[in-house]
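Encoded as structure tokens, the structure appears first; notes follow it.
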Amino acid sequence: MVGRAVGGAVIAGFAAAPGALVALAGRLRAVAREVWGLRERVAAVDVAASRPLAPETFEVLRTRLREAVETLDRAERGGVDLADRLVDNARSYAEADDAAAGRLLDLASAGGPPAGPGPAGGWNRAGEPSFAPPEVYDGPYAVRPIGRGAGVVRVAAPRPEPGEEEIVARAKRWADLGLGYSMSGFHEGYRTDCSGLVSMAWGLPPPGLTTVTLPEVSHPIGRDDLRPGDILLNTAPGAAGHTLIFAGWADAAHTRYHAYEESSGKGAHHGTIPYPYWPGHGTFRPYRLGA
């Protein structure tokens, strides 16, 4: 195993010259660079795979993502094992060489991307488009790619879910802007399609979930339980699915309601809809944010 071999190198390094310690530190930095580069590649494929794609294209992306995650897991295990061994050996030999031990302890506990310039062209393989990691997201949910802990999960310290007034206000902002509909376009980091509008209004991670995955962060409710900020959802995949944000009943009989939606014909807009939705667009059911 990489970790075992590197651990042996650590022990030998402490008994050797300071130059060996410098070389060992370089190996640790190389592992860190590999892990960081793989994270970028995994994130790039994950973002691409979250968009509607042809089945054969999706399978290629999913296979590549799984391979990248497996490689990432192996590199992470080697890097963690190496860092642990560095710390243990640095402490053991601290009295013999305080200066070297201090340098290694700092290196082993350092976080974030590795310092210093990377290879020419960045950390992407030849022929791959460059990818900038997304901005840090501090909402109540996080989306993990295929692999360990896949799925939609709550973060350790979740931000409170938005209330109904905030959800409707967010949706209204997009409607006021008249954002055009696009399954590949983005605004504020979110896709400008129906599920992108809901994801933004609900405070989910950009680029947003889909009509298939929105039930992972919500639960079905009854027609008479609908409140502003809830959604009507057709969970079919791709263009066959659709969702919109309920903004209040338009009549006492609850046969029509006000809603905000992103649609291919009108873009982001406010309208009055017959319950549950216009005929011929599939089966719709009301959902509310939260498990």
Side-chain angles (χ1 to χ4, degrees), residues 50-55 58 141 152 161-291:
S50 70
R51 302 172 185 169
L53 300 168
F58 176 78
Y141 297 95
V152 181
E161 292 171 350
E164 58 186 57
E165 292 183 1
E166 184 178 359
I167 293 172
V168 172
R170 289 177 177 179
K172 182 178 184 300
R173 187 175 72 249
W174 272 31
D176 290 343
L177 292 173
L179 291 176
Y181 178 92
S182 174
M183 297 176 77
S184 59
F186 294 86
H187 181 71
E188 299 174 338
Y190 293 90
R191 291 188 318 276
T192 51
D193 59 11
C194 63
S195 53
L197 170 66
V198 169
S199 297
M200 179 276 300
W202 273 5
L204 303 179
L209 299 184
T210 67
T211 52
V212 174
T213 55
L214 279 171
E216 296 182 32
V217 298
S218 60
H219 60 277
I221 59 175
R223 167 179 175 171
D224 293 333
D225 293 331
L226 273 165
R227 297 200 307 258
D230 296 333
I231 64 172
L232 277 299
L233 175 64
N234 171 1
T235 57
H242 189 56
T243 185
L244 64 164
I245 298 173
F246 180 84
W249 291 109
D251 62 359
H254 292 182
T255 61
R256 295 180 301 125
Y257 62 97
H258 303 295
Y260 289 94
E261 68 175 322
E262 267 277 9
S263 66
S264 56
K266 298 181 179 179
H269 67 282
H270 176 271
T272 301
I273 314 291
Y275 185 88
Y277 196 68
W278 302 103
H281 289 79
T283 302
F284 284 76
R285 188 175 183 181
Y287 282 78
R288 176 168 297 154
L289 177 63

Legend entry - Carboxylate-amine/guanidinium contact E164 R288, below 4.0 Å: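 Not counted as a salt bridge, because no side-chain N and carboxylate O are separated by less than 4.0 Å.
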Note, [X] side chain near [Y] side chain (heavy atom, < 4.5 Å):
{"X": "S195", "Y": "V212", "value": "no"}
{"X": "W174", "Y": "H187", "value": "yes"}
{"X": "M183", "Y": "R191", "value": "no"}
{"X": "T211", "Y": "C194", "value": "yes"}
{"X": "P206", "Y": "F186", "value": "no"}
{"X": "R227", "Y": "F246", "value": "no"}
{"X": "T235", "Y": "P215", "value": "yes"}
{"X": "L214", "Y": "Y287", "value": "no"}

Once you round to the nearest 0.5 Å, how far does [atom1] of [X] lie from [atom2] of [Y]?
{"X": "R285", "Y": "I231", "atom1": "CZ", "atom2": "CD1", "result": "12.0 Å"}
{"X": "I245", "Y": "H258", "atom1": "CD1", "atom2": "NE2", "result": "15.0 Å"}
{"X": "L204", "Y": "L289", "atom1": "CG", "atom2": "CG", "result": "6.5 Å"}
{"X": "S184", "Y": "D193", "atom1": "OG", "atom2": "CG", "result": "9.0 Å"}

Inset, instruction - For residues 208-242, pull every pair meeting ring-ring contact (aromatic ring centres under 6.0 Å, His included), keeping only residues two or more places apart or in separate chains. - result: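 Every pair satisfying ring-ring contact (aromatic ring centres under 6.0 Å, His included) with a residue in residues 208-242: H242-Y277.
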Provide the closest heavy-atom pair for [X] versus [Y] in the form atom of the first, atom of the second, distance.
{"X": "P162", "Y": "A201", "answer": "CG-O, 3.8 Å"}
{"X": "A175", "Y": "Y260", "answer": "CB-CD2, 3.7 Å"}
{"X": "P279", "Y": "H281", "answer": "O-ND1, 3.2 Å"}

Legend entry - L232, D251, T272, L226 screened by side-chain contact (heavy atoms from CB on, under 4.5 Å) with Y257, the one that passes: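 Only one of L232, D251, T272, L226 forms a side-chain contact (heavy atoms from CB on, under 4.5 Å) with Y257, namely L232.
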Legend entry - Candidate pair T243 and N234, rule side-chain contact (heavy atoms from CB on, under 4.5 Å), full reasoning: CA-CA 6 Å; T243 185; N234 171 1; over 6 Å; no
Inset, instruction - Verify, without hydrogens or angle tests, whether E262 (side chain) and A268 (backbone) share a donor-acceptor contact under 3.5 angstrom. - result: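 Confirmed, E262 side chain pairs with A268 backbone.
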Inset, instruction - Evaluate the criterion side-chain contact (heavy atoms from CB on, under 4.5 Å) for residue pair R170 and E188; output intermediate values, then yes/no. - result: CA-CA 12 Å; R170 289 177 177 179; E188 299 174 338; over 6 Å; no
Inset, instruction - Would you check, one step at a time, whether the test side-chain contact (heavy atoms from CB on, under 4.5 Å) holds for L209 with V217? - result: CA-CA 9 Å; L209 299 184; V217 298; 3.9 Å; yes
Legend entry - CA sep, side-chain torsions, deciding dist, call: L244, F284, side-chain contact (heavy atoms from CB on, under 4.5 Å): CA-CA 10 Å; L244 64 164; F284 284 76; 4.1 Å; yes
Legend entry - Cation-pi geometry met for R223 and Y275 (6.0 Å, 45°):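 Satisfied, under 6.0 Å and within 45°.
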